[in-house]
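These numbers come from the heavy atoms of this one structure, side chains and all, not from hydrogens, waters or symmetry mates.
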Amino acid sequence: MKTSTAVLLMLPCEILIISSILLPSEYIEYAGALIMFYIAGVLFVIAKYILRGDNAHLISGINISYEEAKLPENIEKYAKDSKITGRILQIVSIICYLVGIYFVVTK
C-alpha cells in the first residue's frame, strides 16, 4: 500500500479523535457522519481506479513489470479480479454513505 493511500485512510480516524475531544457530545454523530462520507468518497475513487482495468495486476498480486501489465492480453487476463474488487468497493462505499445519512437523519 502506498503511503498516500494509508494517510488518506488514517485521516478519518484522526478527525474523529480530535472531534471527540473538541466537540460537545451532541455533535459527535455529525462527526461520525462526516467521516462516513469521507470514507465513502475515498473508497469510491479507489473503486473507479480499480475498475479501469489497466492496473489489474496490482489487485491480483502478480509481480510483473509496468510494460507487461499494459499489454492487452494481460489486461484481459487480470481484469476479472479487478472488476470484482472494484464492485465490492463500490458497494461498501454506498453502505458507508447510507450510514452517514442515517447518522444525520436520526440526529
* To do: Considering only Ile, Leu, Val, Met, Phe, Trp and Tyr, and joining two whenever side-chain heavy atoms are under 4.5 Å apart, list the other residues clustered with F44.
  => none
* Which pairs pass side-chain hydrogen bond (donor to acceptor under 3.5 Å, both in side chains) with one or both residues in residues 29-42, sequence neighbours excluded? -> none
* OG of S93 to NZ of K48: how many Å apart, nearest 0.5 Å? -> 10.0 Å
* Nearest heavy-atom pair of C96 and M36: which atoms, and what distance? -> O-CB, 3.4 Å
* **Counterpart residues, side chain to side chain contact (heavy atoms under 4.5 Å, CB included), relative to L34 (two or more places apart)** => none
* **Set of residues satisfying side chain to side chain contact (heavy atoms under 4.5 Å, CB included) with respect to I84, sequence neighbours excluded** => K80, I88
* Do V99 and V92 share a hydrophobic cluster, counting only Ile, Leu, Val, Met, Phe, Trp and Tyr and linking them when any side-chain heavy atoms are less than 4.5 Å apart? -> no
* To do: Applying side-chain contact (heavy atoms from CB on, under 4.5 Å) between L89 and each of V45, V42, L43, report the one that passes.
  => L43
* Given side chains that start at C-beta, do those of Y102 and L98 come closer than 4.5 Å, heavy atoms only? -> no
* Structure fact -> Across all chains, not counting sequence neighbours, the side chain to side chain contact (heavy atoms under 4.5 Å, CB included) partners of Y97 are F37, A40, I101
